[in-house]
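Just so you know, these numbers come straight off a predicted model, no measurement behind them. Excluded from the calculations below are hydrogen atoms, water molecules and symmetry mates; all remaining heavy atoms, backbone and side chain alike, are included.
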Amino acid sequence: MRKKLDAFFSWDGKFMDLLGRAGELILVNILFLISCIPIVTIGSALTSFYYATIKSIRRQRGTPVGEYFGSMKRTMKKGILLTLEIALWFGLLYVGRRYSQVNERTHMVTVYTVLMLVSAGVAVYVFPVFSRFEMKLMNCWKLAFLMCIRFLPYTVVILAGTAGIAWLQFYVLPMPCILFVPGLWCLAITFMMEQALLAYMPKPEEGPAEDAWYYETGKSGKSKESKNPDVKEKVFSENDSPGTRDKPVRNRKHDT
């Protein structure tokens, strides 16, 4: 027992590793909060937040700061466009719902509410998809919609959890908790989100690519190939510098 405790609390033991990861998570959390200040960069910030959390903190590849800023640099332009698209869409839904309420059109209020919930569910997936694959924004939305429906239990849990944590943060928890609460929730989301993303990853090949960080075990056959042709995408490689893409282009297929 004593030896196990000594090993646990040693300099290179699990306790110090846990503290190190906790510190990295707080650091990425702070970078995320700062990156959201310009508002239009929220999309890129969310994408980079997820990317740095899964790759550097969970999979221990690269450094949190390097991966975060590498992803921000890579996704900034499309991330701003993605943010504006989401803001415009939800703005239109809100105006429509408000107009229906004022004019007592109950059935339309219900329609707009359902559209808001579905849109929020799709938005949950679009940022992880954007962080993992190189594709047009329209294809990001399509894939996020498919994942939202296919993994409906995950969608419900993530939406409910996000709403609950936001409520706790602003009405119950002290404000300093915002320095680590979003990071903890992002880390928790990766355990569900990665299962969804793996369903659309190409099978790992023999050789160096088999050890790519985005595969859960690095063993062939763990990920599933999809069944829709003619979508070409790329995924990240652990051997590339932060924010760069894999060199090979794979023909990807998506379930419908």
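Taking each heavy atom of Val122 and Ala144 in turn, the nearest pair found is O-CB, 3.6 Å. Scanning all heavy atoms of the two residues, the minimum distance from Thr83 to Val40 falls at OG1-O, 3.3 Å. The shortest heavy-atom contact between Ser100 and Tyr112 is OG-CE1, 3.6 Å. Nearest heavy atoms, Leu187 versus Leu25: CD2-CD2, 4.3 Å. Closest of all the heavy-atom pairs between Leu197 and Phe133 is CD2-CE1, 4.1 Å.
Within 6.0 Å of the CZ atom in Phe145, the count of heavy atoms belonging to other residues, nucleotides or ligands does not exceed 12. At most 12 non-hydrogen atoms from other residues, nucleotides or ligands lie less than 6.0 angstrom from CE of Met138. Sparse packing is recorded around CH2 of Trp89, with 12 or fewer heavy atoms of other residues, nucleotides or ligands lying under 6.0 Å away.
Cluster membership for Ile80 and Phe69, using ILVMFWY side-chain heavy atoms within less than 4.5 angstrom, is shared. Note on Val114: it does not cluster hydrophobically with Val109, by side-chain heavy-atom contacts below 4.5 Å among ILVMFWY residues. Under a hydrophobic-cluster definition in which Ile, Leu, Val, Met, Phe, Trp and Tyr are linked whenever side-chain heavy atoms come within less than 4.5 Å, directly or via other members, Leu33 and Phe180 are assigned to the same cluster.
Applying the 4.5 Å side-chain rule to ILVMFWY residues, one finds Val156 in the same cluster as Leu152. By the 4.5 Å side-chain criterion applied to Ile, Leu, Val, Met, Phe, Trp and Tyr, Leu92 is assigned to a cluster that also includes Leu88.
Side chain of Ser56 to main chain of Gly62: a donor-acceptor pair is present (N/O by atom type, distance under 3.5 Å, no hydrogens or angles). Formation of a donor-acceptor pair under 3.5 Å by the Ser71 side chain with backbone atoms of Glu67 is not found in this model. Here the side chain of Thr41 pairs no donor or acceptor atom with the backbone of Ile37 at under 3.5 angstrom. Panel note: side chain Asn103, backbone Tyr99; a donor-acceptor pair is recorded below 3.5 Å. In this structure, Glu24 contributes its side chain and Thr63 its backbone to no donor-acceptor pair below 3.5 Å. Looking at Glu104, its side chain never comes within 3.5 Å of a backbone N or O of Gln101 through a donor-acceptor pair.
A salt bridge links Glu194 to Arg132: one of the charged nitrogens lies within less than 4.0 Å of a carboxylate oxygen.
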Show the numbers, then the answer: is there a side chain to side chain contact (heavy atoms under 4.5 Å, CB included) between Arg21 and Gln60? CA-CA 9 Å; Arg21 294 198 191 196; Gln60 296 289 281; 3.3 Å; yes

Could you please spell out the steps behind the salt bridge (charged side-chain N to carboxylate O under 4.0 Å, His left out) verdict for Lys78 and Glu85? CA-CA 10 Å; Lys78 285 187 177 180; Glu85 288 178 349; over 6 Å; no

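When each of Thr113, Leu117, Val111, Val118 is paired with Leu115, the side chain to side chain contact (heavy atoms under 4.5 Å, CB included) condition holds for Val111 and for no other. Checked options Ser131, Cys186, Pro64; the residue passing with Thr53 is Cys186 (criterion: side chain to side chain contact (heavy atoms under 4.5 Å, CB included)).
In summary, the side chains of Thr75 and Tyr51 do not present any donor paired with an acceptor at a separation below 3.5 Å, with no hydrogens or angles considered.
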